[in-house]
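From a predicted model like this one, the values you see are computed outputs, not experimental measurements.
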Amino acid sequence: MELIGRLIGTLFLSREYAHRAHLRVTGVGSFAKHTALGEFYLAIIDKADTLTEACQGRYDLIVDIPYLPMPEEDDPVKALESFLEDIEKMRYDAIDKKDSAIQNIIDEAVATFLSTLYKLRKLK
């Protein structure tokens with residue numbers, strides 16, 4: 001259960017990071033970045049909530065969702081890449097690979113990261 005809490009905590013942290021980065025965006029041509037981060041933080045918290053409830057339905061109440069330290073990274077692309085890497089590293093240790101219902105929710109969260117990374121890298 002500890003890794004499940006850490007996985008969920010990482011999703012929560014990515015939402016918090018993206019919301020703060022969204023509010024710091026300035027400059028000409030930054031509207032796409034502002035919009036992409038805004039869409040991300042709204043979508044990822046929904047995925048985190050759905051994942052938490054599904055895990056609690058399958059296993060039990062998750063009482064330890066840690067508060068993880070905010071990265072000092074100023075570049076949202078690098079920060080989101082790092083969060084995504086952490087999620088992909090721990091997902092199969094946290095949740096059995098055969099639990100397709102819960103793995104599908106994680107897939108949706110990963111897709112949210114990937115879509116946002118595309119927008120941040122390519123849309124100006």
Side-chain angles (χ1 to χ4, degrees):
M1 289 287 274
E2 182 180 322
L3 271 179
I4 294 172
R6 184 163 181 81
L7 179 66
I8 294 164
T10 301
L11 292 172
F12 286 175
L13 180 61
S14 70
R15 190 228 63 93
E16 181 67 18
Y17 178 91
H19 197 165
R20 290 170 187 252
H22 161 82
L23 295 172
R24 286 194 312 261
V25 173
T26 60
V28 176
S30 61
F31 184 71
K33 184 177 182 180
H34 179 79
T35 301
L37 289 167
E39 291 171 354
F40 175 83
Y41 78 74
L42 291 172
I44 205 66
I45 200 62
D46 184 51
K47 306 294 185 222
D49 193 63
T50 300
L51 176 62
T52 304
E53 291 172 354
C55 287
Q56 291 182 147
R58 171 79 73 211
Y59 304 109
D60 200 358
L61 188 64
I62 300 169
V63 294
D64 185 24
I65 300 173
Y67 289 95
L68 302 171
M70 183 69 69
E72 295 184 22
E73 180 59 62
D74 287 336
D75 181 354
V77 170
K78 289 180 183 175
L80 291 184
E81 287 172 339
S82 178
F83 292 133
L84 178 57
E85 183 179 325
D86 290 346
I87 289 163
E88 289 183 318
K89 281 182 183 175
M90 74 178 103
R91 68 181 290 173
Y92 296 118
D93 292 327
I95 306 293
D96 189 304
K97 210 174 202 177
K98 294 177 185 175
D99 193 339
S100 62
I102 294 178
Q103 288 296 341
N104 283 336
I105 298 167
I106 298 170
D107 286 341
E108 291 175 7
V110 167
T112 300
F113 274 92
L114 295 174
S115 175
T116 302
L117 286 167
Y118 158 72
K119 291 172 186 176
L120 291 174
R121 290 177 188 136
K122 302 296 182 185
L123 303 180
K124 305 291 180 192

Residue pair Lys98 / Gln103, side-chain heavy-atom distance below 4.5 Å: no
Single-linkage hydrophobic cluster Val77~Leu84, side-chain heavy atoms < 4.5 angstrom: yes
Point-to-point distance, once rounded to the nearest 0.5 Å, from CD of Glu85 to NZ of Lys78: 13.5 Å
Side chain to side chain donor-acceptor pair (under 3.5 Å) against Gln56, all qualifying residues, sequence neighbours excluded: none
Main-chain N/O of Glu73 paired with Tyr17 side-chain donor or acceptor, under 3.5 Å: yes
Tyr59/Asp99 under side chain to side chain donor-acceptor pair (under 3.5 Å): CA gap, chis, key distance, verdict: CA-CA 11 Å; Tyr59 304 109; Asp99 193 339; 3.2 Å; yes
Non-hydrogen atoms of Leu3 and Asp93 that approach each other most closely: CD1-CB, 3.5 Å
Carboxylate-amine/guanidinium contact Arg121 Glu81, below 4.0 Å: yes
Connected via hydrophobic side-chain network under 4.5 Å: Leu51 and Leu42: no
Nearest heavy-atom neighbours spanning Leu68 and Gly9: CD1-C, 3.5 Å
Check: Ile45 main-chain N/O paired with Asp49 side-chain donor or acceptor under 3.5 Å: no
All pairs passing ring pair (Phe, Tyr, Trp, His ring centres under 6.0 Å) where residues 30-51 contributes a residue, at least two apart: His19-Tyr41, His22-His34, His22-Tyr41, Phe40-Phe113
Heavy atoms from other residues, nucleotides or ligands near CZ of Arg58 exceed 12 (cutoff 6.0 Å): no
Ser14 side chain vs Leu11 backbone, donor-acceptor pair below 3.5 Å: yes
Shared hydrophobic cluster for Phe83 and Met70 (ILVMFWY, side-chain gaps under 4.5 Å): yes
Common cluster, Leu13/Leu114, ILVMFWY with side-chain heavy-atom separation under 4.5 Å: yes
Distance-minimising heavy-atom pair for Leu120 and Ala36: CD2-CB, 4.0 Å
Single-linkage hydrophobic cluster, 4.5 Å side-chain cutoff, Leu123 and Leu117 together: no
Closest non-hydrogen atom pair, Ile102 against Ala54: CD1-O, 3.9 Å
Residues Arg91 and Asp107 bridged, charged N to O under 4.0 Å: yes
Main-chain N/O of Thr112 paired to Thr116 side chain as donor or acceptor, under 3.5 Å: yes
Straight-line distance of Ile8 CD1 to Thr52 OG1, nearest 0.5 Å: 3.5 Å
Minimal non-hydrogen separation, Pro66 against Gly5, with atom names: CD-O, 3.3 Å
Point-to-point distance, once rounded to the nearest 0.5 Å, from SG of Cys55 to CD1 of Ile106: 6.5 Å
Flag, side chain of Ser115 to backbone of Ala111, donor-acceptor distance under 3.5 Å: no
Gap between atom NZ of Lys47 and atom CZ of Arg15 - 0.5 Å precision: 15.5 Å
SB check Arg6 Glu2 (cutoff 4.0 Å): no
Student check: side-chain heavy atoms of Leu23 and Leu37 closer than 4.5 Å: no
